[in-house]
Q: 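Structure incoming, see below.
Every chain is numbered from 1 and lettered A, B, ... according to where its sequence line falls, protein lines coming before strand lines.
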Amino acid sequence: MELETLLAGLNGPQREAVAFGEGPLLILAGAGSGKTRVLTHRIAYLVGTGAARANEILAITFTNKAAGEMRDRVELLVGGRIRTMWVMTFHAACARMLRAHADRLGYTRRFTIYDQADSRRLIKRCLDDLGIDPKRFTPAAVQGQISDAKNKLIDADGYGQIVGSFFEGTVAEVYRRYERELHRMNAMDFDDLLFRAVDVLTMFQEIRDRYTESFRHVLVDEYQDTNHAQYRWLKLLTSERRNVMVVGDDAQSVYSFRGADIRNILTFTDDYPDAHVVKLEQNYRSTQTILDAANAVISNNRQQKPKHLWTELGKGDPIKVRELDDEHAEARFVVAEVERLLDEGTSPAEVAVFYRTNAQSRVLEDTLVRAGISYQVIGGTKFYDRAEIKDAIAYLITLVNPLDAGAFTRIVNSPRRGIGSTSVSRLLGFANTTGMAIWDVAAAPEQVPDLGPPAVRALRRFMASMDGLRERAESGSEIATLVQAVLRDTGYLEALEAERTIEAQGRIENLEELVNVAAEFDASVPDDGVPPAAGEGQTSRLAEFLQQLQLLSDADERSDETGLLTLMTLHNAKGLEYPIVFIIGCEEGVFPHSRALEEGGLEEERRLCYVGITRAERDLYVTSARSRGVFGTRSYGVRSRFISEIPVELTDREELPPRPRAISWSGAAKREWTGERNDAPAATFGLGDDVVHPSFGDGVVTGVEPGGIVVIRFAADRSERKLLAEVAPISKR
DNA sequence: CCGATAGAGTTTTTT
DNA sequence: ACTCTATCGG
């Protein structure tokens, strides 16, 4: 490999970044500025110049797909396999470290990874066990609190010390129990992977030394999306050698709800005052019109590193801005436009439609189906989230990690075998009080008090088939055949076949697909390679397979090969590009999302808009609907502020005739909807309006209902109140 | 123990 | 509009 060819074709700043020597390096990479190129070329350059061997490089991405692509591209550049290089996500890298050192934390290397749904179920159980009302303390809210704490590396005790409210006090209690349960079940949730990895590196100097010595160069993509735990983890791995390169764009930080802390990228140079900074501002993707729009929108944010995208590609066409009557008209417009483009010879794969929330895809999908256009949706319900797949995986987990009561309870009565919820509670309760593993309790059911004889008999039969499967798993059977055996021996498949419904048939097909996935895994080379830090023994193939499944996300399943029109959320769009892009649902309350507005997340919503705009290469459409069905009722919105932030001269706008202010809801619109006569004066409040009330304080309009009622969420006590617009003393801010 | 029914809550975004 | 939950009757 020629070093010269690695630098050829790069612009000045890119070349500077690729050829940079030792020390901290910050790359501020604007959208479409070729950051992946810089990353991959730099890795190849480091290997090519002998600055680092393949196994001395740690390259971190956020999705498995990005990691896979990075690996492929680097292999092309260096002209050979780089199996020993750590190119993976934060979570995968942490999981790998933890498997090697699990015993130090009182775990076994076969620990289970809990995804968000698994974790939520466990939290729900903790709430139940503690006798907490799940209405007042929803599992989701408690989970959010715990997750936030973990992302900040605050453990249950630490959290208990900083509680400032009754709610937090309760969360602290749940947090403690949740942690105890996870540990007892030899399980970790997503956040634990990071937290525990930091623990290992902090508590055991010799382990940390091994990794810091071994990783000569560390590179991180999408640095603006890192949270505090990830920051600490990186710091622990890099503070000795200080060869850390982070690449990111503060304008594309859109994951704060998941604990991402934009300060990590904004203060990198405070952490490393000698850091070299390279800005990539030349864009190779979009027309100048699109970039001007993106620059204009993002300039409304205060907190940012100034950047100005430019291109040599020329001005291009104006941005098409359209306003439609409702979401159906919006969908029809998009579909008609797509049909026109296809007639002109555009390939469907060149077109993408972005929306704020997954729920928005439905109307569009209906319209596309009726028009006979095939499409793919990224996100939504994932393959691995389907109940039958989760069941099959839970069976496999039970074989690998007999301590995992979560997996066990999931499958013990699926298919139905007469072990109902009361019996399961008794088993769990017994395991809880005796401290026994759930598997051992089930293996000797007669010792459990109050367990009915039919339940004992059913458990015996169940455990007999599980024992057989266990032996098969231990003997190192191929995973595909093991999955088939599980489905057969447990009666799972039989129960589905007996249903004789279309749905059941679909489930069977999904399970067959899982067998295929397993077969592919069987055929693949063990990813072990030669671990740079010794001490990573062989993990069982089955455990490895399960880990791979559990760390998979829907961002990973999108394929560019399908040749289809693509639908996805704006979040999922990050990192992608399409010649033609539609951004739909640009209304206040939808985008920017009302909940983000309440929580002061407007700037992040704007960054999301920036992400959306900068995905477009050639043509950009931005649409809004006057009304939209939400929660089964119709709500009337106002065009998104983001539309007005795009300079008019960059756009080609078609708007509906102005709607008289008076029909916001209480006037004509109400008559139209309720059939009632009502000449009451007009309410002049729209969704998303900022209002102020003399006694409740500042608030935001979250809904407008018939009868001149406005729903307002007040910032002070986060309460939502319904007020009569004409009589309540509210005014716009 | 299981299925049907009614009722409530739900929609941000995800490794 | 839809899905998950709690409750009841078999």
Q: Sort me out a list of protein N/O and nucleotides 7-10 of chain C N/O pairs below 3.5 Å, or just none if empty.
A:
none

Q: Have a look at A/D225 and say if it touches a base, only the backbone sugar-phosphate, or nothing, with a 4.0 Å heavy-atom cut-off.
A: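 No contact.
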Q: Can you tell me how far apart CZ (A/F137) and CG (A/L130) are? Round to the nearest 0.5 Å.
A: 11.5 Å
Q: So, using side-chain hydrogen bond (donor to acceptor under 3.5 Å, both in side chains) as the criterion, who are the partners of A/D391 when residues are at least two apart?
A: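 If we apply the side-chain hydrogen bond (donor to acceptor under 3.5 Å, both in side chains) test to A/D391, skipping adjacent residues, the hits are A/R410, A/S414, A/Y492.
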Q: Distance-only, no hydrogens or angles: does the A/R71 side chain make a donor-acceptor pair with backbone N or O of A/M85 under 3.5 Å?
A: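 A pair under 3.5 Å: yes.
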Q: Identify whether the distance between the nearest side-chain nitrogen and carboxylate oxygen of A/K150 and A/D189 falls below 4.0 Å.
A: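 Looking at A/K150 and A/D189, the cut-off is met.
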Q: Starting at atom CG of A/N358, determine the distance to atom P of C/dA1, rounded to an integer number of angstrom.
A: 20 Å
Q: Thinking salt bridges, do A/E69 and A/K65 make one under a 4.0 Å N-O criterion?
A: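 Salt bridge flag = yes for A/K65 with A/E69.
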Q: Looking at B/dT15, B/dT13, C/dC2, which one has an atom nearest to any side-chain atom of A/R362?
A: C/dC2
Q: Once you round it to whole Å, what is the distance between P of B/dT14 and CE of A/M568?
A: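 So the two atoms are 11 Å apart, to the nearest Å.
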Q: Rounded to whole angstroms, how far apart are CG on A/L127 and P on C/dA6?
A: 12 Å
Q: Between C1' on B/dC2 and CG on A/N413, what's the gap in Å once rounded to a whole number?
A: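 Value for this atom pair: 10 Å.
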Q: Rounded to the nearest 0.5 Å, what's the gap from OG on A/S119 to CZ on A/F190? Could you check?
A: 9.5 Å
Q: Please tell me which of A/E604 and A/S423 maps to the more 5' nucleotide of DNA chain B, matching each residue to the nucleotide holding its nearest heavy atom.
A: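 So the residue in question is A/S423.
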Q: Could you give the CG-to-C1' distance, from A/D191 to B/dT14, as a whole number of Å?
A: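 The answer, rounded to whole Å, is 11 Å.
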Q: Is the phosphate of B/dT13, meaning OP1 or OP2, less than 4.0 Å from a side-chain N or O of A/N572?
A: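 Checking B/dT13 against A/N572, no side-chain N or O comes under 4.0 Å of OP1 or OP2.
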Q: Within the structure shown, what part of the strands sits under 4.0 Å from A/Q116 by heavy-atom distance: base, sugar-phosphate, or nothing?
A: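 If one applies the 4.0 Å heavy-atom cut-off, A/Q116 turns out to touch a base.
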Q: Taking NE2 from A/H91 and C1' from B/dT15, how many angstroms apart are they, rounded to a whole number?
A: 4 Å
Q: Answer yes or no: is there an ion pair linking A/E604 with A/R607, defined by an N-O contact shorter than 4.0 Å?
A: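 Counted as a salt bridge, because a side-chain N and a carboxylate O are separated by less than 4.0 Å.
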Q: Is a salt bridge present between A/R639 and A/E587, judged by a nitrogen-to-oxygen distance below 4.0 Å?
A: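 So A/R639 does not pair with A/E587 through a salt bridge.
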Q: Over how many whole Å does the gap from A/Q547 atom CD to B/dT15 atom C1' extend?
A: 13 Å
Q: Take the protein atom NZ of A/K150 and the nucleotide atom P of B/dT14, then report the distance between them rounded to whole Å.
A: 21 Å
Q: Identify whether any heavy atom of A/F591 sits under 4.0 Å from a base atom; if not, whether one sits that close to sugar-phosphate; answer base, sugar-phosphate or nothing.
A: nothing
Q: For B/dT13 versus C/dC4, give the span between their P atoms, rounded off to a whole number of Å.
A: 15 Å
Q: Identify whether any heavy atom of A/F257 sits under 4.0 Å from a base atom; if not, whether one sits that close to sugar-phosphate; answer base, sugar-phosphate or nothing.
A: base
Q: The side chain of A/R258 lies closest to which of these nucleotides: B/dT13, B/dT15, B/dC2?
A: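 The listed nucleotide nearest to A/R258's side chain is B/dT15.
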Q: Could you write out each protein N or O paired with an N or O of nucleotides 3-11 of chain B at a distance under 3.5 Å?
A:
| residue | atom | partner | partner atom | Å |
| --- | --- | --- | --- | --- |
| B/dG3 | OP2 | A/R416 | NH1 | 2.6 |

Q: Map A/V424 and A/L608 onto DNA chain B by nearest heavy atom, then report which one ends up closer to the 5' terminus.
A: A/V424
Q: Using the side chain to side chain contact (heavy atoms under 4.5 Å, CB included) definition, which of the options A/V581, A/L608, A/I298, A/I583 pairs with A/I613?
A: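 The residue from A/V581, A/L608, A/I298, A/I583 that satisfies side chain to side chain contact (heavy atoms under 4.5 Å, CB included) with A/I613 turns out to be A/I583.
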Q: Among B/dT15, C/dA1, B/dT14, find the nucleotide with the atom closest to the side chain of A/T63.
A: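 The listed nucleotide nearest to A/T63's side chain is B/dT15.
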Q: Under the 6.0 Å and 45° cation-pi test, does A/R99 pair with A/F111?
A: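 Cation-pi check for A/R99 and A/F111: passes.
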